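In what follows, chains carry the letters A, B, and so on, assigned in the order in which the sequence lines appear, proteins first and then strands, with residues in each chain numbered from 1. Note that the structure is a prediction, hence the values are computed from the model and not measured.
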Amino acid sequence: MDIPSKYEPQQVENHWYDYWMKHNYFQSIPDEREPYTIVIPPPNVTGVLHMGHMLNNTIQDVLIRRARLKGKNACWVPGTDHASIATEAKVVAKLKEQGINKSDITREEFLGHAWEWTHEYGGFILEQLKKLGCSCDWKRTAFTMDDNMSEAVIKVFVDLHNKGKIYRGYRMVNWDPEAKTTLSDEEVIYEEKQGLLYYLSYQVEGLNEKVTIATTRPETILGDTAICINPNDDRYAHLKGKKAIVPICNRVIPIIEDEYVDMEFGTGCLKVTPAHDINDMELGKKHGLETIDIFNEDATLNSFGLHYEGKDRFEVRNAISKELEEQGFLVKTEQYINKVGTSERTKAVIEPRLSDQWFLEMEDLVKPAIKAVLEDNEVKLFPKKFENTYRHWMENIRDWNISRQLWWGHQIPAYYFGDGQEDFVVAENMDEALNKARKKSGNPDLSMAGLKQDEDVLDTWFSAWLWPISLFNGILEPNNKEIEYYYPTNDLVTGPDILFFWVARMIIAGYEFRNKPPFKNVYLTGLVRDTHRRKMSKSLGNSPDALQLIKNYGADGVRVGLLLSSAAGNDLMFDENLCQQGKNFANKIWNGFRLVNGWEVSDLQQPEASKLGIEWYTSKFNQTLIEIEDHFDKYRISDALMATYKLVWDDYSSWLLEIIKPAYQQPIDKTTHDAVLQLFEQNLKLLHPFMPFLTEEVWQHIDDRAPEQALIVAQWPTILAVDESLVQGFEFAAEVISGIRTIRKEKNIPLKEALNLSVLNTEKVSENWDTIICKLANISVINYVEATVDSALSFRVKSNEYFIPISGTIDVEAEINKIREELKYTKGFLVSVQRKLSNERFVNNAPEQVISVERKKEADALAKIETLEKSLASLV
RNA sequence: GGGCUCUUAGCUCAGUUGGUUCAGAGCACCUGCCUUACAAGCAGGGGGUCGAAGGUUCGAAUCCUUCAGGGCCCACCA
């Protein structure tokens with residue numbers, strides 16, 4: 001045999017990937033077939049493949065390949081996301097390495113560097129997906145900053161602005177001092193941090209008394225503009241209308257009253273810093289307080305920080321607490337755990353900050369998206385539990401801050417012609433802007449030079465939310481053939497961490513701009529963790545190198561490894577052992593092929609065992625196919641794989657192949673050979689979505705195939721009738737075979753030594769199976785007997801008793817004990833069944849089917865007890 | 001603080017509306033085999049009071065209550 005006994009993935013994978021590409025099997029163009037569409041969750045253009053991507057994209061590829069085999073027009077659109085904040089941070093860092101500060105170069109120069117970076121590294125991650133076997137339509141590869149994508153974003157912005165849903169406002173927003181930009185609420189991650197609660201005393205003006213407040217942020221006292229007490233708090237009643245003096249800066253501030261203050265917390269006195277806390281801002285507005293912003297944009301202190309000017313806020317916190325202590329203002333400190341907002345991307349501690357930003361009003365936009373998921377089921381979430389999370393977020397949604405103080409992204413199409421709050425227009429391009437601006441300003445002589453475009457860019461998700469639409473150019477050309485054909489797409493596969501960022505917003509956009517959902521099903525995968533349940537991360541160094549894994553186990557092995565333990569929505573503990581299991585499975589299939597391939601075919605009569613074996617496996621295959629389809633329908637991909645795995649490994653390899661295997665160096669009959677090859681091919685089709693490379697390789701080894709007969713475009717098996725009696729009969733026969741093997745094992749009788757078998761038959765079983773039993777257990781003859789057999793080892797299947805006469809003495813004592821054990825167990829079982837059946841309430845209340853099952857159990861047990869007792873009698 | 005969710009074999013998890021062989025699977029483990037497709041393999045085997053306590057029911061891993069311990073999401077309490 002010249003085919004190696006081990007499957008070598010490395011040599012195979014590139015070859016078939018190129019082959020598929022060459023014959024355009026990944027490519028989709030609209031035709032009369034039913035479309036099946038997936039849009040990829042676009043990874044960060046400068047990112048590298050991590051385990052989360054591997055899992056997501058494997059699942060997507062399984063779904064798309066299965067759809068392709070099912071004859072659908074399968075279209076998987078790949079692409080990348082410009083990820084403005086993450087990419088900009090990387091570019092800034094890279095420039096810094098080269099000694100260039102972002103603040104020293106122009107916007108155009110910076111964008112030049114960013115594009116350079118994008119062109120250099122962008123698409124790298126897509127190349128990695130190819131190694132994994134992903135069958136994306138690469139001709140459609142898109143980028144969120146492609147011209148048409150950008151145009152769509154701008155058009156949508158203008159449209160929403162015209163509808164009055166986008167507005168500009170001076171609000172308190174989340175400020176990332178490191179990236180120097182605002183963030184949406186969703187980009188802020190709250191983390192519990194151990195900190196200190198500082199008790200500070202303020203001198204009350206005109207009284208020889210101090211008032212003590214509690215704060216976690218002593219540095220902000222420099223921005224204090226009031227002290228607030230609860231009007232119902234008797235302890236402080238005498239302070240009403242008085243003023244207090246802020247330590248260090250000695251500013252005199254009013255003592256105000258508001259029921260917002262929790263009398264139980266701290267001292268019941270609150271310092272109010274409207275510029276640096278959302279609640280304080282509300283209080284400030286309500287009570288007409290002054291707002292003093294003490295921070296620069298990088299969260300160092302400005303001139304209001306006095307002698308701390310230019311120093312970072314955390315540095316100042318330490319320093320000022322010392323100064324306060326020295327001057328006697330610090331009463332005490334307490335350990336305190338509080339939630340600190342951090343930037344999802346830069347991890348910097350977020351500062352609430354007042355600034356001019358752009359917002360999208362969400363209240364109305366959200367309504368159809370809520371209905372679609374929770375009432376109409378137009379979009380289904382898998383697992384379903386995420387619908388609750390979705391509902392909660394959607395029903396409590398707040399306006400979306402869509403502007404970012406970055407350069408890398410879609411620049412906001414607002415143009416200013418003056419300094420007034422309303423001196424701007426929103427337009428799709430400069431010409432239009434100029435026209436609008438001339439009208440609005442009433443100045444017909446306004447020139448291009450007099451217009452200044454907003455410096456900010458849009459939140460990355462403001463382009464990503466259009467992804468399923470804009471990929472098919474559905475915004476710019478709403479009636480084009482592609483969008484009509486591919487939209488709504490079918491399945492979206494992504495992680496639950498971006499349910500709000502992306503999934504929910506795509507649904508919103510889908511209804512707003514197409515009046516249809518962007519997809520029908522959302523499959524939310526779990527997070528990939530390591531075997532210690534730790535999240536995979538670069539800093540922990542516990543994230544394996546994806547390409548190295550593929551090298552070690554083959555792409556198919558890695559795919560199987562990932563899928564085996566990834567029930568939807570459950571985190572998956574990634575363990576390389578699972579990849580090894582996948583690799584082993586690939587080798588198993590490979591060798592299954594080698595065996596069948598190595599047989600010499602001859603024009604013989606088909607043995608009875610082979611005929612029956614083939615018939616049985618055909619039924620078993622179809623029965624399993626029904627299961628597999630059901631698993632897929634429920635997005636239980638790992639269960640679908642496991643069912644396939646067991647079918648191929650256990651039923652096909654361990655049973656069927658052994659049943660039909662000809663004696664050593666004997667030829668096989670043509671009928672059986674043809675049939676088994678055909679069944680093997682059916683197996684390969686079921687396996688192909690999971691293990692595309694190996695299966696295509698084997699497929700092409702079986703036969704020389706024309707390109708259009710490649711496995712990737714073969715036809716998925718249709719479900720045929722299942723003969724239940726065959727399946728059950730086989731199970732019985734398998735138990736008999738196991739029984740014989742157990743005895744062989746216990747008594748150390750090698751398989752090579754043929755045995756005789758006698759059967760005391762009370763259970764009606766078709767004798768057809770005898771040929772198979774003989775072959776697999778090496779039985780020379782099966783005798784049907786009327787009485788128990790002496791000097792034999794015995795075992796029972798259901799109520800049949802089987803005897804293997806052996807030469808030499810048998811251990812009678814051991815046989816008796818074995819039978820007594822079985823008898824004891826069966827009697828106990830019978831008692832419990834009879835107890836149930838004699839319970840009137842059971843008989844009256846339980847459904848007929850349940851009762852008849854119990855009666856059957858009773859009869860079986862009685863019959864078995866009878867045989868056991870007879871055997872026992874013959875031995876004693 | 002509000003909501004959701006989980007706890008089943010050594011590990012990772014199935015267990016659909018309470019009722020067939022429902023106490024399961026894969027891996028791991030133990031034993032014996034280098035048998036001629038595959039030692040990346042074959043055959044056989046052990047292993048769980050279904051987190052705890054109550055309750056409903058003829059019947060509970062499954063439904064209800066309480067408790068213990070995880071996880072996730074949301075929320076402006078200094």
Seminar exercise, completed: dist Arg505(A):CZ -> Glu186(A):CD (nearest 0.5 Å) comes out at 4.5 Å
Exercise. rA14(B) P sits how many Å from Met642(A) CE, rounded?
Worked result: 13 Å
For this session: Using the side chain to side chain contact (heavy atoms under 4.5 Å, CB included) rule, pick out the option among Ile253(A), Val261(A), Leu270(A) that qualifies with Ile227(A).
Result: Ile253(A)
For this session: Using the C1' atom on both, measure rC11(B) against rG3(B) and round to a whole Å.
Result: 31 Å
For this session: Report the relative orientation of the aromatic rings in Phe382(A) and Tyr635(A); use parallel for angles under 30°, tilted for 30 to 60°, perpendicular for over 60°.
Result: tilted
Exercise. Considering only the P atoms, how many Å lie between rG24(B) and rG48(B), rounded to the nearest integer?
Worked result: 12 Å
For this session: Please report, rounded to the nearest Å, how far the P atom of rC72(B) is from the CG atom of Leu499(A).
Result: 16 Å
For this session: Report yes or no: is there a donor-acceptor pair, N or O only, under 3.5 Å between the side chain of Asn279(A) and the base of rC76(B)?
Result: yes
Exercise. Does Arg841(A) or Asp639(A) map to a spot on RNA chain B nearer the 5' end, using the closest nucleotide for each?
Worked result: Asp639(A)
For this session: Give one of base, sugar-phosphate or nothing for Arg217(A), where a contact means two heavy atoms less than 4.0 Å apart.
Result: nothing
Problem set entry | Distance in Å, Arg594(A) CZ paired with Ile589(A) CD1, rounded so as to fall on 0.5 Å steps | 14.5 Å
Exercise. Taking the six-membered ring for Trp, are His673(A) and Trp599(A) parallel (under 30°), tilted (30 to 60°) or perpendicular (over 60°)?
Worked result: perpendicular
Exercise. Do Lys332(A)'s NZ or CZ and the ring of Tyr199(A) fall within the cation-pi criteria of under 6.0 Å and 45°?
Worked result: yes
Exercise. Would you say Val831(A) and Phe829(A) make side-chain contact, with heavy atoms under 4.5 Å?
Worked result: no
Exercise. Atom CZ of Phe842(A) to atom P of rG59(B): distance rounded to whole Å?
Worked result: 11 Å
Exercise. Just checking Phe500(A): base, sugar-phosphate only, or nothing, at a heavy-atom cut-off of under 4.0 Å?
Worked result: sugar-phosphate
Problem set entry | Protein-nucleotide distance (Ile749(A), atom CD1; rA43(B), atom C1'), rounded to Å | 14 Å
For this session: Figure out the CG/P separation between Leu564(A) and rC11(B), and round it to whole Å.
Result: 19 Å
For this session: Would you jot down, in residue-number order, the residues of residues 730-746 of chain A having a non-hydrogen atom under 4.0 Å from RNA chain B?
Result: Ser738(A), Arg741(A), Thr742(A), Lys745(A)
Problem set entry | Earlier contact from the 5' end, RNA chain B, for Asp185(A) and Met263(A) | Asp185(A)
Exercise. For Ile278(A), which contact category applies under a 4.0 Å heavy-atom criterion: base, sugar-phosphate, or nothing?
Worked result: sugar-phosphate
Exercise. Does any N or O donor sit under 3.5 Å from an N or O acceptor when you compare the side chain of Glu658(A) with the base of rA37(B)?
Worked result: yes
For this session: Calculate the interatomic distance between Glu627(A) atom CD and rA25(B) atom C1'; express it in whole Å.
Result: 12 Å
Problem set entry | Residue pair Thr273(A) / Asp224(A), side-chain donor-acceptor N/O under 3.5 Å | yes
Problem set entry | Sugar-phosphate, base or nothing in reach of Lys339(A), heavy atoms under 4.0 Å | base
For this session: Round to a whole Å and report the spacing from CZ of Phe386(A) to C1' of rC4(B).
Result: 10 Å
Exercise. Between rC13(B) and rG55(B), how far is it from one C1' atom to the other, in whole Å?
Worked result: 30 Å
Seminar exercise, completed: From the candidates rA78(B), rC76(B), rC38(B), the one with an atom nearest any side-chain atom of Leu270(A) is rA78(B)
For this session: Check the angle between the aromatic planes of Phe265(A) and Tyr336(A) and answer parallel, tilted or perpendicular using the 30° and 60° thresholds.
Result: perpendicular
Problem set entry | Distance, P atom - from rC67(B) to rG2(B), rounded to whole angstrom | 13 Å
Problem set entry | Side-chain N,O (Trp649(A)) to OP1/OP2 (rA25(B)) below 4.0 Å | no
Problem set entry | Closest nucleotide among rC73(B), rA78(B), rC38(B) to the Thr216(A) side chain | rA78(B)
For this session: Using the C1' atom on both, measure rA61(B) against rG51(B) and round to a whole Å.
Result: 12 Å
Exercise. Between atom CD1 in Ile804(A) and atom C1' in rG44(B), what is the gap in whole Å?
Worked result: 14 Å
For this session: Verify the neighbour count for atom CD of Glu395(A): are there more than 12 heavy atoms of other residues, nucleotides or ligands below 6.0 Å?
Result: yes
For this session: Looking at every strand, decide which applies to Tyr190(A) at a 4.0 Å heavy-atom threshold: base, sugar-phosphate, or nothing.
Result: nothing
For this session: Answer with base, sugar-phosphate or nothing: what part of the nucleic acid does Ser653(A) contact at a heavy-atom distance below 4.0 Å?
Result: base
Exercise. Watson-Crick or G-U wobble partner for rU65(B), using a 3.5 Å limit on both distances?
Worked result: rA53(B)
For this session: Report which part of the nucleic acid Val596(A) touches: base, sugar-phosphate, or nothing (heavy-atom distance under 4.0 Å, all strands).
Result: nothing
Exercise. Roughly how far, to the nearest 0.5 Å, is the CZ atom of Arg741(A) from the CG atom of Leu751(A)?
Worked result: 7.5 Å
For this session: Check every strand shown and say whether Tyr390(A) touches a base, only sugar-phosphate, or nothing at a heavy-atom separation below 4.0 Å.
Result: nothing
For this session: Determine the interatomic distance between C1' on rA14(B) and the same-named atom on rC27(B); round to the nearest Å.
Result: 14 Å
Seminar exercise, completed: Ranking rG26(B), rA37(B), rA40(B) by distance to the side chain of Lys583(A), first place goes to rA40(B)
Exercise. Under 4.0 angstrom, heavy atoms only, what part of the nucleic acid is Lys752(A) near: base, sugar-phosphate, or nothing?
Worked result: nothing
For this session: Write down the distance separating the P atoms in rC6(B) and rU62(B), rounded off to the nearest Å.
Result: 13 Å
For this session: Ignoring the backbone of Asn587(A), work out which of rC76(B), rU5(B), rA40(B) is nearest its side chain.
Result: rA40(B)
Problem set entry | Euclidean distance for C1', rC30(B) against rU16(B) (whole angstrom) | 35 Å
Exercise. If you take atom types as modelled and just measure distance, does the side chain of Lys385(A) reach the base of rC4(B) with a donor-acceptor pair under 3.5 Å?
Worked result: no
For this session: Tell which nucleotide pairs with rA60(B), taking only Watson-Crick or G-U wobble pairs whose two distances are both under 3.5 angstrom.
Result: none
Exercise. Of all the nucleotides listed (rA78(B), rG41(B), rU20(B)), which has the minimum atom distance to the side chain of Asn584(A)?
Worked result: rG41(B)
